[in-house]
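What follows is a short report on a single structure.
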There are 2 protein chains.
Amino acid sequence: MAGIRAKQKEKTRQALINAAMNQLSAENGFSSLSLREVAREAGIAPTSFYRHFRDMDELGLTLVDECGLSLRQLLRQARQRIESGGSIIRVSIETFMQFVADNTATFRLLLQERSGRSRSFRLAVVREIDHFKAELEDYLVNEQSFTRELAELQSDTIAKIVFSAGADCFDVDEEAREIITEKTIQQVRLVARGAEATRRLLKRQP
Amino acid sequence: MAGIRAKQKEKTRQALINAAMNQLSAENGFSSLSLREVAREAGIAPTSFYRHFRDMDELGLTLVDECGLSLRQLLRQARQRIESGGSIIRVSIETFMQFVADNTATFRLLLQERSGRSRSFRLAVVREIDHFKAELEDYLVNEQSFTRELAELQSDTIAKIVFSAGADCFDVDEEAREIITEKTIQQVRLVARGAEATRRLLKRQP
DNA sequence: ACATTCAGCGTACAGGTGTACGCTGTCTTG
DNA sequence: CAAGACAGCGTACACCTGTACGCTGAATGT
């Protein structure tokens with residue numbers, strides 16, 4: 001039951017996924033990428049593609065899922081590292097930016113399909129971003145004692161800032177990326193400060 | 001010299017632009033839209049397309065430019081209306097959201113090409129967003145007496161929030177759009193409050 | 001051992017794509 | 001009024017696309 005067969009299938013499936021990612025990073029959006037070319041780069045016949053995915057869209061959704069998943073895992077690791085001291089904002093954002101640098105192709109897909117193509121694509125992306133927001137929101141409620149409402153407003157704001165900043169990194173070199181990272185840290189601190197001020201404001205006049 | 005000829009040319013040029021916008025709004029990203037289909041919808045032969053644009057990319061860049069231009073005009077009008085009283089944040093954001101609702105197709109193009117396709121596309125979009133930020137930044141310096149540095153940080157943050165919020169409006173009905181608008185107003189106020197707090201902080205320890 | 005499953009292949013087809021080339025008829029200019 | 005510019009057309013071509021269909025050979029289940 002080792003599945004020498006299933007193992008090989010999984011291998012070519014990964015080859016397809018990698019091929020798609022490569023062709024994405026080269027240039028061009030996901031929609032302008034062809035089944036045939038992806039199959040060619042993966043080293044299989046065009047018609048064999050269908051043994052793995054119903055169509056290109058299904059492959060695309062897989063990419064989105066994988067991207068979101070590994071981002072979340074990375075951030076969770078980062079948060080654990082923080083429990084032994086360190087600025088949560090700095091570490092989280094540095095981790096995020098490193099992720100974007102290492103996964104430019106898929107992250108670009110994420111942002112691009114967020115406002116494009118089919119509805120199912122958009123929903124998939126929204127789902128990933130919602131995961132991100134939810135974890136941040138919980139942190140703000142549990143560790144920083146914000147009200148649900150204010151935590152929700154804050155986490156949504158931060159998500160918008162951070163994902164936009166990720167997009168700003170696409171065309172730039174490492175040096176510029178560090179500048180953007182520092183700027184983003186400042187921006188998130190701006191929001192945190194604003195939320196803190198709002199909390200105090202609400203305490204005085206509830 | 002009225003140019004009955006030039007007039008006709010401009011007319012079909014607009015027809016091409018409109019056709020492209022229509023096909024954009026239907027679904028699908030810009031890159032998956034074909035010269036032939038655009039020409040067909042505009043009512044001209046495919047080969048006549050070249051009398052107006054070198055290729056589809058040139059048409060796309062034109063769309064981006066027009067979108068940014070009319071957004072800026074609208075916001076400038078809104079700011080004039082404010083001089084006779086009213087919350088600048090509320091009016092600006094409501095105007096912005098109305099613009100997105102009225103120009104979903106091109107605004108989607110803007111956001112999509114921001115993180116996609118060719119470098120020249122991305123730069124064009126960045127340019128439009130920079131215009132937006134610059135006008136906001138000037139306002140913050142001149143009318144609210146912020147330092148350049150803090151105004152820059154603030155305007156960049158707000159631009160990120162507002163453009164992201166615009167993207168959130170794509171799939172939703174009018175009711176949900178109003179909710180998003182209100183949320184965005186709160187978020188921008190959060191940032192403004194954070195910037196205010198930062199300013200005070202810096203005054204105490206410069 | 002044999003029968004079944006199934007990943008991958010090759011062929012084939014209908015349809016779409018961008019664009020080169022040369023023509024037409026009308027507006028514009030001299 | 002003649003000469004030229006030029007928007008738009010039709011034809012033609014080479015190329016790429018998705019996918020239907022049936023086959024093969026090896027891994028698997030009995």
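Protein chains get the first letters and strands the later ones, always in sequence-line order, with residue 1 at the start of each.
- In this structure, Leu33(B) places its CG atom 13 Å from C1' of dT17(C), rounding to the nearest Å.
- The side chain of Lys9(B) approaches dA7(D) more closely than any other nucleotide in the set dA7(D), dG18(C), dT17(D).
- Atom CD of Glu10(A) and atom C1' of dG8(C) are 16 Å apart (whole Å).
- In this structure, the helix from dA1(C)-dT30(D) to dT28(C)-dA3(D) shows an angle of 20° between the axis at its start and the axis at its end, each fitted on 5 base pairs and rounded to 10°.
- Rounded to an integer number of Å, the gap from CD of Glu37(A) to C1' of dT17(D) is 10 Å.
- Asn18(B) is linked by a side chain to side chain contact (heavy atoms under 4.5 Å, CB included) to Gln14(B), Met21(B), counting only residues two or more places apart in sequence or in another chain.
- The CZ-C1' distance, from Arg36(A) to dG10(C), rounds to 11 Å in whole Å.
- Phosphate proximity of dC9(C) to Arg40(A): absent, as no side-chain N or O sits under 4.0 Å from OP1 or OP2.
- When ring centroids are compared, Tyr139(A) and Phe146(A) stay outside the 6.0 Å threshold.
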In sequence, state the C-alpha distance, the side-chain angles, and the governing distance for Val162(A) and Val188(A), and then conclude on side-chain contact (heavy atoms from CB on, under 4.5 Å). CA-CA 8 Å; Val162(A) 171; Val188(A) 171; 4.3 Å; yes
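- Of the candidate nucleotides dG8(C), dT17(C), dG18(D), dG18(D) has the atom lying nearest to any side-chain atom of Leu35(A).
- Atom CD1 of Ile44(B) and atom C1' of dG10(D) are 14 Å apart (whole Å).
- A distance-only check finds no donor-acceptor pair linking the side chain of Ser48(A) to the backbone of Ile44(A) [under 3.5 Å].
- Of the possible polar contacts, one joining the Ser25(A) side chain to the Asn22(A) backbone as a donor-acceptor pair under 3.5 Å is found.
- We find that CG of Asp57(B) is positioned 12 Å from P of dG18(C), with the value rounded to whole Å.
- The side chain to side chain contact (heavy atoms under 4.5 Å, CB included) search around Asn142(B) returns Asp138(B), not counting sequence neighbours.
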Would you mind writing out the side-chain donor-acceptor pairs for residues 153-160 of chain A within the sub-3.5 Å range, not counting sequence neighbours?
residue	atom	partner	partner atom	Å
Ser155(A)	OG	Ala151(A)	O	3.2
Ser155(A)	OG	Glu152(A)	O	3.1
Asp156(A)	OD1	Lys133(A)	NZ	2.7
Asp156(A)	OD1	Lys183(B)	NZ	3.4
Asp156(A)	OD2	Lys160(A)	NZ	2.6
Asp156(A)	OD2	Gln187(B)	NE2	2.7
Thr157(A)	OG1	Leu153(A)	O	2.6
Thr157(A)	OG1	Gln187(B)	NE2	3.1
Lys160(A)	NZ	Asp168(B)	OD2	3.0

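- For the pair Arg108(A) and Phe170(A), the cation-pi test (distance below 6.0 Å, angle within 45°) is passed.
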For nucleotides 22-27 of chain C, give me one character per nucleotide, 5' to 3': B if any protein heavy atom sits under 4.0 Å from the base, S if the only such contacts are to the sugar-phosphate, - if neither. ---BBB
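- Relative to the side chain of Ala45(B), the nucleotides dC9(D), dT19(D), dG8(D) differ in distance, and dC9(D) lies closest.
- Across the protein-nucleic acid pair, Asp55(A) atom CG and dT17(D) atom P stand 16 Å apart, rounded to whole Å.
- The 5' end of DNA chain D is approached more closely, in terms of each residue's nearest nucleotide, by Pro46(B) than by the other of Pro46(B) and Pro46(A).
- Rounded to an integer number of Å, the gap from CD of Gln8(B) to P of dC6(D) is 16 Å.
- Arg54(A) is linked by a side chain to side chain contact (heavy atoms under 4.5 Å, CB included) to Glu58(A), counting only residues two or more places apart in sequence or in another chain.
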